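Notes to accompany the following structure.
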Amino acid sequence: MKKILLVDDERWVRTALKWTINKLNLPLQVVHECNNGLEALDWIKLNEVDLILTDIRMPIMDGIALVKELSGLNGEFDVIVITVHDEFQFIQQAMRSGVTDYLLKPIEETEIKACLEKWLNKKGNEGKMGENSISEKETLPLSTIERVMEYIKKTPLDQITLKEAAESIHINPSYLSQLFKQQLNKKFVDYITELRIEEGKRLLQNTSLRMSEIAERVGYSDLAYFSNNFKKVVGCSPSEFRNNHMKKEERKTNRSTTVESGT
């Protein structure tokens with residue numbers, strides 16, 4: 001049974017899609033629903049899913065931004081985007097970003113059935129190819145640093161501390177600190193700060209969350225402390241970074257419009 005995640009800011013749309021998918025009697029199960037791309041991204045980081053059905057237009061983080069963020073995660077994600085006829089430029093952008101397929105609203109039962117059956121057939125063929133190419137491999141135990149990295153990857157940034165990381169693999173925090181500096185040539189706290197700032201940059205670029213909400217998400221209870229650390233690493237404040245990004249996107253849009261109009 002393949003697992004499906006539905007992402008749409010309209011609850012009635014998700015309900016209708018879930019009802020239709022269940023009615024098709026295909027080996028598919030809707031395991032979770034999300035209101036926007038950011039909520040979906042957070043859920044995907046901690047859960048397994050085979051297929052994501054997402055609307056393109058959503059608040060906070062839209063479908064295009066979600067697809068881009070997924071490309072930065074470990075693993076391959078199959079995504080089918082949902083949109084309307086007058087947003088075909090977004091479909092083209094999504095397909096270039098690696099989207100599997102698309103559906104146009106209003107979605108007919110015959111269309112979603114054909115789309116999902118095509119995806120299932122594709123996954124079935126990939127599975128057969130994978131079985132033919134499987135070879136036995138010796139599994140080596142993960143090193144201490146690799147185990148810490150696994151812990152960091154699966155733990156929300158606002159919950160990561162040196163003490164918790166050390167306890168997760170049953171070693172002394174002081175020893176982990178020394179080992180981290182020795183093998184990665186940087187302090188544990190500096191590494192986590194870099195991760196938090198990078199996540200902050202992604203949220204500033206791809207969501208409409210307030211600065212205080214972003215600070216909390218990446219592990220800073222104090223907005224001023226987040227802003228100071230952000231400026232030290234990036235060279236500008238979070239608000240300046242977001243404004244610069246918005247201006248760049250506006251210039252790209254204007255250039256694209258100019259090229260398409262032939263002026």
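What you are looking at is a predicted structure, and each value in this text was computed from that prediction instead of being measured. Index from 1, following the sequence.
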> Between E194 and I197, is a side-chain contact (heavy atoms from CB on, under 4.5 Å) present by the stated rule, with each step listed?
Replying inline: CA-CA 5 Å; E194 289 174 7; I197 298 304; 5.9 Å; no
> Stepwise, does the side-chain contact (heavy atoms from CB on, under 4.5 Å) test hold for V99 with I80?
Replying inline: CA-CA 6 Å; V99 164; I80 295 175; 5.8 Å; no
> Does the pair K23 and E109 meet the rule for a side-chain contact (heavy atoms from CB on, under 4.5 Å), with working shown?
Replying inline: CA-CA 9 Å; K23 183 182 175 184; E109 183 178 323; 3.1 Å; yes
> Should K113 and E108 be marked as a side-chain contact (heavy atoms from CB on, under 4.5 Å) after you check the CA-CA gap, both sets of side-chain angles, and the distance that decides it?
Replying inline: CA-CA 9 Å; K113 182 179 181 181; E108 300 292 337; over 6 Å; no
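Qualifying ring-ring contact (aromatic ring centres under 6.0 Å, His included) partners for H245, counting only residues two or more places apart in sequence or in other chains: none. Contacts of D42 classified as salt bridge (charged side-chain N to carboxylate O under 4.0 Å, His left out), with partners at least two apart in sequence or in another chain: R217. By the ring-ring contact (aromatic ring centres under 6.0 Å, His included) test, Y220 pairs with Y225, F226, sequence neighbours left out.
Under 4.0 Å is where a charged nitrogen must lie from a carboxylate oxygen, and between E150 and R147 no such pair does. Taking the charged nitrogens against the carboxylate oxygens, R14 and E10 have no contact shorter than 4.0 Å, which rules out a salt bridge.
Inter-residue side-chain proximity for K18 and L6 is flagged as met; some heavy-atom pair is nearer than 4.5 Å. Residues R242 and T207 form a side-chain contact, since some pair of their non-hydrogen atoms from C-beta on lies under 4.5 Å apart. Inter-residue side-chain proximity for L51 and K3 is flagged as unmet; no heavy-atom pair is nearer than 4.5 Å. No side-chain heavy atom of L176 sits under 4.5 Å from any side-chain heavy atom of K163.
The number of heavy-atom neighbours closer than 6.0 Å to CG of N185, taken from other residues, nucleotides and ligands shown, is 12 or below. By the 6.0 Å contact criterion, NZ on K45 is enclosed, its count of non-hydrogen atoms from other residues, nucleotides or ligands being greater than 12.
In summary, the side chains of W119 and D78 do present a donor paired with an acceptor at a separation below 3.5 Å, with no hydrogens or angles considered. Residues R196 and N229 bring no donor and acceptor atom of their side chains to less than 3.5 Å of each other.
S168 contributes a side-chain N or O that, together with a main-chain N or O of A165, makes up a donor-acceptor pair within less than 3.5 Å. Remark: side-chain polar atoms of E117 are not paired, donor with acceptor, to backbone N or O of A114 under 3.5 angstrom. Distance alone, capped at 3.5 Å, places no donor-acceptor pair between the D190 side chain and the K186 backbone. Not a single donor-acceptor pair under 3.5 Å links the side chain of S177 to the backbone N or O of P173. Side-chain atoms of D8 do not come within 3.5 Å of backbone N or O of D55 as any donor-acceptor pair. A side-chain donor-acceptor contact under 3.5 Å links E240 to the backbone of S237. Within the 3.5 Å criterion, the main-chain N or O of K247 finds no donor-acceptor partner in the side chain of E250.
For the atom pair CE (M211) and CD (E216), the distance works out to 14.0 Å, reported to the nearest 0.5 Å. Between atom CG of residue L28 and atom CG of residue L120 there is a gap of 4.5 Å, rounded to the nearest 0.5 Å. Note that the CG atom of D101 and the CG atom of L53 stand 9.5 Å from one another [nearest 0.5 Å]. Separation of atoms OG1 (T155) and CD (E164) is listed at 9.0 Å; rounding is to 0.5 Å. Considering NZ of K187 and CD of Q178, their distance stands at 12.5 Å, rounded to 0.5 Å.
Hydrophobic cluster membership differs between F230 and V189, with clusters built from Ile, Leu, Val, Met, Phe, Trp and Tyr side chains linked at under 4.5 angstrom. No path of Ile, Leu, Val, Met, Phe, Trp and Tyr side chains, each step under 4.5 Å between heavy atoms, connects W19 with L26, placing them in separate hydrophobic clusters.
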